[in-house]
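Here the structure comes first, spelled out in structure tokens, and everything after it is commentary.
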Amino acid sequence: MKSTIIIGYGNPDREDDGVAWHVLVKLTERLGRPVPQEMPEGFYPEGLNPDLQFSLQLMPEMAETLADYERVCFVDAHTGRVPQEISFAPVNARMQINPLTHHLTAESLVAMTNELYPHHALEAWLASIRGYQFGFADNLSPRTAELAEEVTARIWEWLHQTP
């Protein structure tokens, strides 16, 4: 398997915004690894392929981390800006600047990685899952929980594809 990292991000205390955490837990179980009892930010467990990482948001310093991998799959929630309930697609590396938010997109992070490490070829994908509820709770809405199962299966298939 190519060296791979799966990065989930979002706020697990805001219902469906935390769907990435739930997907990472499901992948951890499928991989036969111990599931963390608390949500750690960062790697868990570290040094295995694929590596799994959770963060509240993407940050520019993650470009250095991505340079150590051949491929990455980002996992995040969306609020309907994507027409499908699930989008699993390659990331088009391009800088996106939004003066009204500090939010860094997967596209921008991959573009930064490519700029900083020009001889590194990174295959990048984004699994985006429709969220329906964004209140203050740590559980998923029933529909987003179903979608999390589907995305976990898609990522699992992607992990095991041969080049």
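All figures in this text were calculated on a predicted structure; none of them were measured in a lab.
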_Minimum heavy-atom separation for A137 and N139, please, with both atom names._
CB-OD1, 3.2 Å

*If every non-hydrogen atom of L126 is compared with every non-hydrogen atom of Y9, which pair is closest and at what distance?*
CD1-OH, 4.0 Å

_N11 (side chain) donor-acceptor with D17 (main chain) under 3.5 angstrom_ = no

_For a 4.5 angstrom cut-off between non-hydrogen side-chain atoms, does D13 reach F136?_
no

*asked:* Check for me, please, whether L104 and Y117 land in the same ILVMFWY cluster - side-chain distances under 4.5 Å, paths through other members count.
replied: no

*Taking only Lys NZ, Arg NE, NH1 and NH2, and the carboxylate oxygens of Asp or Glu, determine whether K26 and E29 approach each other closer than 4.0 Å.*
no

*Do the non-hydrogen side-chain atoms of D76 and L58 ever get within less than 4.5 Å of each other?*
no

*Mark yes or no for whether T144, through its side chain, and R130, through its backbone, hold a donor-acceptor pair below 3.5 Å.*
yes

*Run the side-chain contact (heavy atoms from CB on, under 4.5 Å) check on E85 and R143 step by step: do they pass?*
CA-CA 10 Å; E85 286 187 303; R143 182 62 186 145; 2.6 Å; yes

_Distance check, rounded to the nearest 0.5 Å: L27 atom CG versus L52 atom CG?_
6.5 Å

*Minimum heavy-atom separation for V91 to V110, with atom names?*
CG1-CG2, 4.0 Å

*Backbone N/O of A67 and side chain of T113: donor-acceptor pair under 3.5 Å*: no

_Side-chain (D51) to main-chain (I5) donor-acceptor, under 3.5 angstrom_ = no

_What I'd like to find out is whether the side chain of D138 reaches to under 4.5 Å of the side chain of P12, using heavy atoms alone._
no

_Minimum heavy-atom distance between T79 and F134, given as atom pair plus value_ = CG2-CZ, 3.6 Å

*Counting heavy atoms not belonging to N92, are there more than 12 under 6.0 Å from its CG?*
no

*asked:* Using 0.5 Å steps for rounding, measure from the CD1 atom of I86 to the CG atom of L147.
replied: 4.5 Å

*Taking atom types as modelled, is there a side-chain donor on R33 or T28 under 3.5 Å from an acceptor on the other?*
no

*Do R154's NZ or CZ and the ring of W125 fall within the cation-pi criteria of under 6.0 Å and 45°?*
no

*With no hydrogens and no angle check, is any side-chain donor or acceptor of H78 less than 3.5 Å from a backbone partner on Q84?*
yes

*Nearest heavy-atom neighbours spanning M112 and P60*: CE-CB, 3.6 Å

*asked:* Taking the side chain as everything from C-beta on, heavy atoms only, tell me whether I155 gets closer than 4.5 Å to V23.
replied: yes

*Check step by step if side-chain contact (heavy atoms from CB on, under 4.5 Å) holds for F74 and E107.*
CA-CA 10 Å; F74 298 99; E107 294 84 358; over 6 Å; no

*First locate atom CD of Q53, then atom OG1 of T65, and finally report the distance between them rounded to the nearest 0.5 Å.*
6.0 Å

*asked:* A side-chain contact here means heavy atoms from C-beta on lying under 4.5 Å apart; do K2 and Y69 qualify?
replied: no

*asked:* With a sphere of 6.0 Å drawn around CD of E146, does it hold more than 12 non-hydrogen atoms of other residues, nucleotides or ligands?
replied: yes

*Measuring from E70:CD to H120:NE2, what's the distance to the nearest 0.5 Å?*
7.5 Å

*Looking at side-chain heavy atoms only, is the closest gap between V151 and V19 below 4.5 Å?*
no

*CG/L48 to CG/L31 distance, rounded to the nearest 0.5 angstrom?*
8.5 Å

*L66 versus I7: any side-chain heavy-atom pair under 4.5 Å?*
yes

*Given the rule that I, L, V, M, F, W and Y join up when any side-chain heavy atoms are under 4.5 Å apart, are I6 and V35 in one cluster?*
yes

_Smallest separation among heavy atoms of F88 and A127, with atom names_ = CD1-CB, 3.5 Å

_As an exercise, state the distance from CG of L140 to NE2 of H22, rounded to the nearest 0.5 Å._
3.5 Å

*Is there a donor-acceptor contact under 3.5 Å from the side chain of R71 to the main chain of A124?*
no

